[in-house]
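Report on the following structure.
The figures here come from the full heavy-atom set of this structure, side chains too, leaving out hydrogens, waters and symmetry mates. Throughout, numbering of the chain's residues begins at 1 and tracks the sequence. Treat the numbers as computed from the prediction; the structure is a model and nothing was measured.
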Amino acid sequence: MGAAALLRGPGSLLLRASPGCWCRCFWAASGETAAAAASPGSGARSPFDRQLKRKQKNWAALQPEPAKYDYLREEVGGRVADRVFDITRTFPLALDVGCGSGYIAQYLNKETVEKLFQVDMAENALKNTMETEIPTVSVVADEEFLPFKEDTFDLVVSSLSLHWVNDLPRAFRELAELEREGGFSPHISPFTDVTDLGHLLGRAGFNTLTVDTDEIQVNYPGMFEIMEDLKGMGESNCSWNRKPILHRETMLAAAAIYQEMYGSNDGSVPATFEIYYMIGWKFQESQARPAQRGSATVSFGDLAKINALI
């Protein structure tokens, strides 16, 4: 696997106990090594500066009131957990990719997930994970270079993280390799077409695919408040071709145009977050399969007579 390079060296081991659960935290590699490996340079194949994204997320996690900006991740984390609960089975070992402070884990229970690995590139986020009854292991690693062997996990989830990944097709392939039995469920907001995401999952080896979209609208006092919250979420732009400085006049003009075009009667402006929900399963022998062609014992023509047969 491509993550093998990140496993060189012993890394460091940290132990932290919290009420109702236990947690181990270790590094897959030093933060700078992972960031350097994940940020090969600008270009069409690597549009995002992963080292900058790591710094943004670490900065956001150290703010005095990080929970002030968690409302979107909290909401989507709950919706992810609801979809996991819809699957009537227990997953012995699960992985949360780009977990942040544990926005999904706080909603899960031991009856659904027996043990959870939480992975994030920002070590500061993992230092303040939310309380959960599930035994967890926290790993500092880049989502583009996951340090796990193939067929390790029974369930893989991800929420609001993969939209900053440079090579999404490869990331999906890695997640498919990591799974043992099924239940890959990324929940992201990428700038791509929803049909493309289904194709990517299929190419990565997932089947029985479900892809749908959802929208969450939040009203803000103005454009600057939206930008402040995005920064607090660690969602600032990290594209290589970003402009380092925006002039004050440009910002004021943009805010005025935003207010004029989208402002509500009460003076607020809406921001709509579009969430793409994807669920796919890795093939397993125990999976139900469609019957062979021609094996049906009742024709569609007989369906019209169903009432008479009953």
Side-chain angles (χ1 to χ4, degrees), residues 1-18 21-39 50-51 53-58 60-62 73 77 80 84 91-106 108 113-162 164-166 170-180 183-188 234:
M1 293 175 62
L6 295 182
L7 296 175
R8 294 175 184 169
S12 59
L13 176 65
L14 302 174
L15 299 179
R16 180 178 66 83
S18 59
C21 69
W22 58 269
C23 172
R24 289 185 296 169
C25 179
F26 63 91
W27 290 69
S30 67
E32 295 304 322
T33 302
S39 302
R50 296 289 294 173
Q51 186 172 358
K53 177 51 59 182
R54 174 175 170 265
K55 291 179 179 178
Q56 291 172 349
K57 295 181 71 173
N58 271 322
L62 287 179
R73 298 185 187 279
V80 173
V84 174
F91 298 99
L93 191 61
L95 170 68
D96 184 355
V97 180
C99 64
S101 297
Y103 303 102
I104 301 176
Q106 62 175 329
L108 299 176
V113 174
E114 294 180 350
K115 187 175 181 179
L116 177 68
F117 275 69
Q118 295 178 297
V119 173
D120 202 280
M121 66 192 304
E123 62 272 20
N124 290 337
L126 292 173
K127 292 176 182 177
N128 299 296
T129 52
M130 302 177 189
E131 184 176 340
T132 175
E133 65 180 52
I134 304 171
T136 60
V137 178
S138 297
V139 181
V140 181
D142 194 287
E143 294 96 327
E144 294 188 347
F145 300 91
L146 296 173
F148 303 106
K149 295 180 180 179
E150 294 184 13
D151 294 327
T152 299
F153 299 98
D154 306 289
L155 170 72
V156 180
V157 296
S158 183
S159 178
L160 299 180
S161 173
L162 297 182
W164 293 119
V165 167
N166 281 307
R170 190 189 66 175
F172 282 167
R173 286 197 301 272
E174 278 202 10
L175 294 172
E177 290 170 349
L178 291 175
E179 267 199 303
R180 268 199 304 240
F184 170 66
S185 180
H187 300 257
I188 63 177

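Atom CZ of Phe148 is separated from atom CZ of Phe153 by 4.5 Å, given to the nearest 0.5 angstrom. Rounding to the nearest 0.5 Å gives a distance of 12.0 Å between CG of Asp154 and NZ of Lys115. To the nearest 0.5 angstrom, Ile104 atom CD1 is 7.0 Å from Ser158 atom OG. Rounded to the nearest 0.5 angstrom, Leu116 CG and Glu114 CD are separated by 12.0 Å. From Met121, atom CE reaches atom CD of Gln51 across 9.0 Å, with rounding to the nearest 0.5 Å. The OG1 atom of Thr136 sits 10.5 Å away from the CG atom of Asp96 when rounded to the nearest 0.5 Å.
Using a 4.5 Å cut-off on side-chain heavy atoms (C-beta onward), Leu108 and Thr132 make no contact. Residues Leu146 and Val139 are not in side-chain contact: their nearest non-hydrogen atoms beyond the backbone lie 4.5 Å or more apart.
Side chain of Glu143 to main chain of Leu162: no donor-acceptor pair is present (N/O by atom type, distance under 3.5 Å, no hydrogens or angles). Side-chain N or O atoms of Arg50 include one that pairs as donor or acceptor with a backbone N or O of Trp164 at under 3.5 Å.
Under the rule for a side-chain contact (heavy atoms from CB on, under 4.5 Å), the partners of Ala122 that lie at least two apart in sequence or sit in another chain are Lys57, Asn58, Asp120, Ala125.
Contact between Leu126 and Gly100 at its shortest, heavy atoms only, is CD2-O, 4.0 Å. In terms of heavy atoms, Val119 sits closest to Ala141 at CG1-O, 3.7 Å. Across all non-hydrogen atoms, the minimal contact from Ser161 to Gly98 is OG-CA, 3.4 Å.
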- Chi angles and distances behind the side chain to side chain donor-acceptor pair (under 3.5 Å) call for Thr129, Gln118: CA-CA 9 Å; Thr129 52; Gln118 295 178 297; 4.6 Å; no
